[in-house]
Amino acid sequence: METASDPFGSADRLPSFFILLAITQIFKGSSVDRDNEGETDTTVLAHAEQQYRHLTLKQQRERLPVFKLRKYSIWRRNRRLHCGLKLTSLTIVGRELLYAVATYQTTIVIGQTGCGKTTQIPQYLEEAGWAKNGKQIACTQPRRIAATSVAQRVADEKNVKLGAEVGYIIRFDDQTSPKTQIKYMTDGMLFRETMIDPLLTNYDVIMIDEAHERSLYTDILLGVLKKIQKKRPDLHVIISSATLDAESFYRFFNHNTSKDTTKDTATIISLEGRMYPVDTLYAEEPLADYVEGAIQTVFDIHTKEPHGDILVFLTGREEIDKVVSEIYDRAKTLPRSSLHIDPLPLYAGLTQEEQLRVFEPTPNDTRKVIVSTNIAEASVTLEGIVYVIDCGFVKIRAYNPKNGMEALLVAPISKASALQRTGRAGRVRPGKSFRLYTEETYNTLRDTTVPEIQRTNLAPVILQLKALGIDNVLRFDFLTAPPAAFMVRALELLYSLKALDDVGRLTIPLGMQLAEFPVDPMLGKILLSSGDFHCSQEMVTIAAMVSVQNIFIQPSRKMDKLAVMDIRRQFWVEEGDHLSLLNVYNGFVQRGGKSGKWCHDRLLNFKALSRAIRIRQQLVRYLKRFKVPLVSAMDGTSLDQDKQRQQASERIRKCLVSGYFSQAARAEPDGSGRFRTIRDGVLLNIHPDSVLFNRDPKCVIYHEIVETNKAYMRDITTIDESWLAELAPHFYQYNNVKKRPPTASH
DNA sequence: GAGCACTGC
């Protein structure tokens, strides 16, 4: 709890986040702490909120907690932070942000969502004289939407045109110019820049925002930046983080090994968050069924609590659809006089129109209930939420290096996640958070979520690090190193793709080209050999299509299943999903005229297909640069139509085998419809969404695995098993003899 | 007879 007085305390500073246990029907608790009872008067608060909205941008800016930091040169902190981590020894005394950035190579800024660090810190730096003489201030974000929207906001605040002094750059959208001083960008984009300019000489300050999320590219950038700092003492790094992770960032970036803290190269600064208090309530006993628990809690709140929208966190589409329709049905039994209830689903697989519904204002007599996946935890910010219901679970990707499979598993959330979810109730006024698990269970949760780098296929990362000249990836300075087994598996795969040589060095040009290519190495390999297979036009389309998610729209429950199948079937090809995707794309571009209506009628996602077009264009540019001839499998033969199609199909499928050879599976002889991977003998099933579901192919290659109840192959194509020996003899024929992975270093 | 959380180049 925050108890220390600070020099910035003022009337508009809101009480910090605190936890209250209270009693309701299924929830137990005891009141532990509460400052500021009067704040709960909702009418007063609504009024205050109204006033805040009418402030000018400048006034709003000056009210942000981070602004006050600027006016005081002395800032002393020596207290427990609200998450219980004691930072006394690390807390700097008497330094302000600008001084810290100028003095230390790395400054770690702790600040809650809404404290203004993302929008304000780059502006202060620029105003203080950074980003002069053609240098820039970079600020990275894990998501594109954040990079673009924050840049727009800052341009507005500075009253400049977006793309002039303030800009952003994300894939396919560069809004910067030679004038740009403050540049917001995705973390992946900055990492890409290190391949062109390894010392990132364009920048004098780099701020890694939302570092606590530990996205894959944020983690890699941290290691790379630490390396760059050794060669560029003039480069200043700011890491913005939540409280829990601050100490690990500090240890990572502080190169001072002596006890003399004046020699520290890193420091921590913490900022106040602008957050209303949220009462947290736990389930009294473990729930047998959190889906049912969520529904009941929604109606408990609806009948007993004052007005305010509800946000429910569940793990996936199936649960969400169920809860939404149950709420809808049961709402009919509410008395006529009561508040209406409007349940809305929210997950990434929805079309944009469906997603936008959650932002529509509700009438005064209606309570909105948004039932969401984790997308609402950090990616989407919802206004007006007063109640949060948290099931305590999340679907998370896990990588199994034994068989190279990425699985999607339902796992308990971390304490940091629980806090973040709870915080979603305190953005507009004091709220309540209902945790559908006991306090004892909460205490067993891990502090933070496992970083992405420790649960992902590392092949692309290793390739890119090697392209940066970091040959010895096993000894790369990771903030948290991925397990060695993940590294070994990735090195093995890269070796089999011939991206690495016998001693683990990047091959030229193949390995280097694969590192540059913005696709998975296996797919990159396919594209680079597609000229030889005489099908590069088709393959670049297929690559673009498998790179885009949610091409197919899930029909609503009301739609007739047979009708859905009829719509889907018009694109189907018996050879499998890759060729079917090619059909969808060609249909969209040629017959569909790239229109939204055409997509809608065929249950296709217009936005996804439009993105596929852009990705295809980008991949074509790479192929031209790599001197891969752009040819169509249908070109230049005088065969009749049928034979020509047959030949094209074979060319494309063989080309797929040239990269996906390690992901081949053979049908079990028992007629069960199950498969075993040829290399590891892992049992697999055909995904029900696949064209090949119930078609009994003998041998297939697949793009990826999703493991839910069973392990399913997705994006599957039939092949002739003899092609494996023909196209990947090094992997299959000699596999048992020559099974050594390359050494990691030279 | 059964189903993908989220994000990035």
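Note: hydrogens, waters and symmetry copies are ignored here, and every other heavy atom, side chains too, is used. Proteins get letters first, then strands, A, B, ... in listed order; numbering begins at 1 in each.
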Heavy atoms under 4.0 Å, any strand shown: does [X] hit a base, just sugar-phosphate, or nothing?
X      : value
A:R144 : sugar-phosphate
A:Q549 : base
A:R143 : sugar-phosphate
A:F191 : nothing
A:I170 : sugar-phosphate
A:V706 : base
A:N694 : base
A:E704 : base
A:I396 : nothing
A:D689 : base
A:F172 : nothing

Quiz item: Who passes ring pair (Phe, Tyr, Trp, His ring centres under 6.0 Å) against A:F552, sequence neighbours left out?
Solution: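 Result, ring pair (Phe, Tyr, Trp, His ring centres under 6.0 Å) vs A:F552: none returned.
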Quiz item: What residues, two or more places apart in sequence or in another chain, satisfy ring pair (Phe, Tyr, Trp, His ring centres under 6.0 Å) together with A:F517?
Solution: A:Y622, A:F626
Quiz item: With A:Q355, which residues qualify under side-chain contact (heavy atoms from CB on, under 4.5 Å), at least two apart?
Solution: A:L346, A:L350
Under 3.5 Å donor-acceptor pairs involving side-chain atoms of residues 606-613 of chain A, not counting sequence neighbours:
unit_1: A:S610; atom_1: OG; unit_2: A:F606; atom_2: O; d: 2.8

Practice problem: Could you check whether the rings of A:Y442 and A:Y437 sit parallel, tilted or perpendicular, using 30° and 60° as the cut-offs? | Solution: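 Rings of A:Y442 and A:Y437: parallel, under 30°.
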Quiz prompt | Contact interval (first through last nucleotide) of DNA chain B with protein chain A, 4.0 Å heavy-atom | solution =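 Nucleotide range with atoms under 4.0 Å of chain A: B:dG1 to B:dC9.
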Exercise. Return the set of residues passing salt bridge (Lys or Arg N to Asp or Glu O under 4.0 Å) with A:R214 (not counting sequence neighbours), or none when no residue passes.
Key: A:D219
Quiz item: Are A:E210 and A:R143 within salt-bridge range, i.e. N to O under 4.0 Å?
Solution: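 A:R143 and A:E210: not salt-bridged.
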